[in-house]
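Have a look at the structure below before the remarks.
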Amino acid sequence: MSKTFYITTAIDYTNAAPHIGHAYEKILADVLVRYHRLKGDSSYLLTGVDQHGQKVQQAAAKEGISPEEFVTKTTAKFIELWEKLEISYDGWAATTDPLHKTCVQKILQDLYDRGDIYKAKYRGFYSVRQEQFLTDKERGEDGNFGPEWGEVVELEEENWYFRLGNYRDWLLQFLDSHPGCVQPAFRQTELRNAAERLSGDLSISRPKSRLAWGIELPFDTSCVTYVWFDALVNYISFAGYLSDDAKFRQLWPALHVIGKDIIIPAHGIYWLAMLKAMGFADEDMPRFLVHGYVLVDGEKMSKSLGNIRDPHTFADTFGVESLRYFLMRDCVVGQDMDFTDQRLVQRYNVDLANSLGNLLNRTLNMAKRYRQGKLVRSEAAGISAFAAQTVKDYTAALDQNLVHQALEITWGLATRCNAFVEESAPWKLAKDPEKAQELDTVLYTLAESLRILAILIAPVLPRASRGILDQLAAPGDITLADTAWGGLPDGHVLGEPQVLFPRIEAAAE
RNA sequence: GCCAGAGUAGCUCAGGGGUAGAGCAGGGGACUCAUAAGCCCUUGGUCGGGGGUUCAAAUCCCUCCUCUGGCACCA
């Protein structure tokens, strides 16, 4: 069996509800994994939640409930959203899972035994109110810590450290010899620059007196591990590392879909160094697909601006598919995108309703009116060749994860078909008995093109894909190979036309 | 500050030494199968400013300005 296309997303921190940015990342990963399934590749999508840590502990305390209870409640919100958005994940990584905990502890113990983890004292300024150490970043303009930190004391604490600095040279060599490890390329350049300046080791523990909600260090039960050796490890623990060798060999290495805010240093430096320390070979290092932010009306989403968009609202107002389409079509992979209601509605009306939806509708109506929906197998060479080229270009784009480009290419076929309707004017052919064969060819060509379009949109618009195939009365179980011309048999009878994407008339302001 | 990227039509962006491009928005037209959709035509830009190289610069070089990102644990 060939290697599985193993794709993961960042696991989301469960101290608050998911927003449109979380949704974007999961949809992107979902589209890519659906594409690989369509191609017939063995595929596996892992997503999940990061449930440990201080902010969860604090948020739970604030509500007067246990961290377990709090996390269960918040996690449910993520699961509910992913189901609504049709994120077709195969594995669910929740960091409180015993499987994960066992894996983390085995890794820590092993690194400890090999001397990659050591204990050292840290002395610094500590905010009693916020229960955290402060760095120079937290200092105000005047160089002092602001009142929001409450009482600040100087404190000494013993913690465990990972010998990150030992892996700096290897990391530089690895990045230099593996262009394409990070997409887009400029992110790899940034990572390389950051790695060059890397100095010092990485604190990986917190005393339980400060943070109890985490995974206990196997060699020091007075501490829990802090974020890195917990959250990052999910990518391998849930892939069977140290628990199911066959599964792990099949899946690993992964393509990590992550946001631009966590490539440096978390994934690009810490995670790669951690894997190296665990003994992973260069060819078993993951690759990264780094996406940008979803801006709202040109601004970064933030609580203080009060412009956080709830994906549920969008899904309920405009439909899940229009949200998936808009996010995938309007965002150049790797770049930020601007999310505005107006633009979403515009894209929906222009691309989904007017172009594709109307093409389906007019085709079925003409076939019904002129031929009672019955087709004669045939081919308009210009269009079938165009369709074949479209599939080729589409594949080339998606093989490079360029979802927006694949959609643009796909819609090129829909546009070509709409023009073809005008060129061939079936309503004129229908009035001339001598043109009967020509009319049959036009109708079959349009129906067949729609069948191909339905296949191509399937990764992004699974429901609309099924909807088109249903109306064509074509089989719903499809693969990319089915885009070959002539799938609809001679004498095939099309289904009833229904409006697939009703126009959104009210300008959403 | 250092590093990277960007600044091209109202908007989103492509192009990258030889007469300025696409989609959407705006304007006009012919048609009628269709979700007043689709199709055709069209308005619109001294390609951030200034210098330079060149027969020729949006494109190469220098410089300045602006924005974004990274360096600095929030998808």
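In the text below, chain A, chain B and the rest are named by the order of the sequence lines, each starting its count at 1. On a predicted model such as this, the values are computed, not experimentally measured, just so you know.
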Which atoms form the tightest heavy-atom contact between D440(A) and S378(A), and what is the distance?
->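 Closest approach of D440(A) to S378(A): O-OG, 3.8 Å.
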Looking only at non-hydrogen atoms, find the nearest pair between L108(A) and L217(A) and report the distance.
->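 Here L108(A) and L217(A) meet closest at CD1-CD2, 3.8 Å.
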Just how far, in rounded Å, is [atom2] of [N] from [atom1] of [X]?
X       : N       : atom1 : atom2 : value
E196(A) : rG70(B) : CD    : C1'   : 14 Å
E190(A) : rG69(B) : CD    : P     : 11 Å
Q335(A) : rG70(B) : CD    : C1'   : 15 Å
Q188(A) : rC3(B)  : CD    : C1'   : 15 Å
I262(A) : rG69(B) : CD1   : P     : 17 Å
H404(A) : rA14(B) : NE2   : C1'   : 10 Å
L429(A) : rC31(B) : CG    : P     : 17 Å
D351(A) : rA22(B) : CG    : C1'   : 14 Å

For atom [atom1], what is the distance between [N] and [M], given to the nearest Å?
N       : M       : atom1 : answer
rG48(B) : rC65(B) : C1'   : 8 Å
rG17(B) : rC13(B) : P     : 23 Å
rA57(B) : rU19(B) : P     : 12 Å
rU42(B) : rC47(B) : C1'   : 22 Å
rU63(B) : rC73(B) : C1'   : 38 Å
rA20(B) : rC39(B) : C1'   : 26 Å
rG69(B) : rA30(B) : C1'   : 50 Å
rG18(B) : rU12(B) : P     : 27 Å

Output the single nucleotide from [options] whose closest atom is nearest the side chain of [X].
X       : options                   : value
A194(A) : rU35(B), rC71(B), rA34(B) : rC71(B)
R503(A) : rC33(B), rC71(B), rA37(B) : rA37(B)
V350(A) : rC24(B), rC73(B), rU12(B) : rC24(B)
K260(A) : rG38(B), rC33(B), rG69(B) : rG69(B)
R369(A) : rC24(B), rC33(B), rU12(B) : rC33(B)
E422(A) : rG38(B), rU12(B), rC3(B)  : rG38(B)
Y370(A) : rU68(B), rC71(B), rC33(B) : rC33(B)
A419(A) : rC33(B), rG69(B), rC39(B) : rC39(B)
N358(A) : rG38(B), rA4(B), rC33(B)  : rG38(B)

Phosphate-side-chain proximity, [X] and [N], N/O vs OP1/OP2 below 4.0 Å:
X       : N       : result
R187(A) : rG70(B) : no
N354(A) : rG38(B) : yes
R347(A) : rG23(B) : no

Is the shortest side-chain heavy-atom distance between [X] and [Y] below 4.5 Å?
X       : Y       : result
L450(A) : L364(A) : no
L323(A) : I20(A)  : yes
T441(A) : V376(A) : no
H52(A)  : V71(A)  : no

Nearest-nucleotide wise, let me know which of F186(A) and N361(A) is further upstream toward the 5' end of RNA chain B.
->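 Closer to the 5' end of RNA chain B: F186(A).
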RNA chain B: 5'-proximal contact among K431(A) and E408(A) (nearest heavy atom) =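 The 5'-side residue here is E408(A).
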Tell me whether the guanidinium CZ or amine NZ of R347(A) lies under 6.0 angstrom from the six-membered ring centre of F326(A) and within 45° of its axis.
->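 Geometry flag: not set, cation outside 6.0 Å or 45°.
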Its dot-bracket string being built from Watson-Crick and G-U pairs below 3.5 Å, with | for another strand and [ ] for crossing, RNA chain B has the pattern (((((((..((((....[..)))).((((.........)))).....(((((..]....))))))))))))....
Give one of base, sugar-phosphate or nothing for [X], where a contact means two heavy atoms less than 4.0 Å apart.
X       : value
T415(A) : sugar-phosphate
Y226(A) : base
V499(A) : base
A10(A)  : sugar-phosphate
F501(A) : base
P18(A)  : nothing

Report yes or no: is there a donor-acceptor pair, N or O only, under 3.5 Å between the side chain of Y270(A) and the base of rC73(B)?
->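 Such a pair does not exist between side chain and base.
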Residue of the set F318(A), F314(A), Y24(A) for which ring-ring contact (aromatic ring centres under 6.0 Å, His included) holds with F339(A) =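 Answer to the ring-ring contact (aromatic ring centres under 6.0 Å, His included) test with F339(A) among F318(A), F314(A), Y24(A): F314(A).
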Under 6.0 Å between the ring centres of Y325(A) and W411(A)?
->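 Yes; W411(A) has its ring centre under 6.0 Å from that of Y325(A).
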Do the two ring centres, one from Y6(A) and one from H256(A), sit under 6.0 Å apart?
->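 Y6(A) vs H256(A): aromatic centres not under 6.0 Å.
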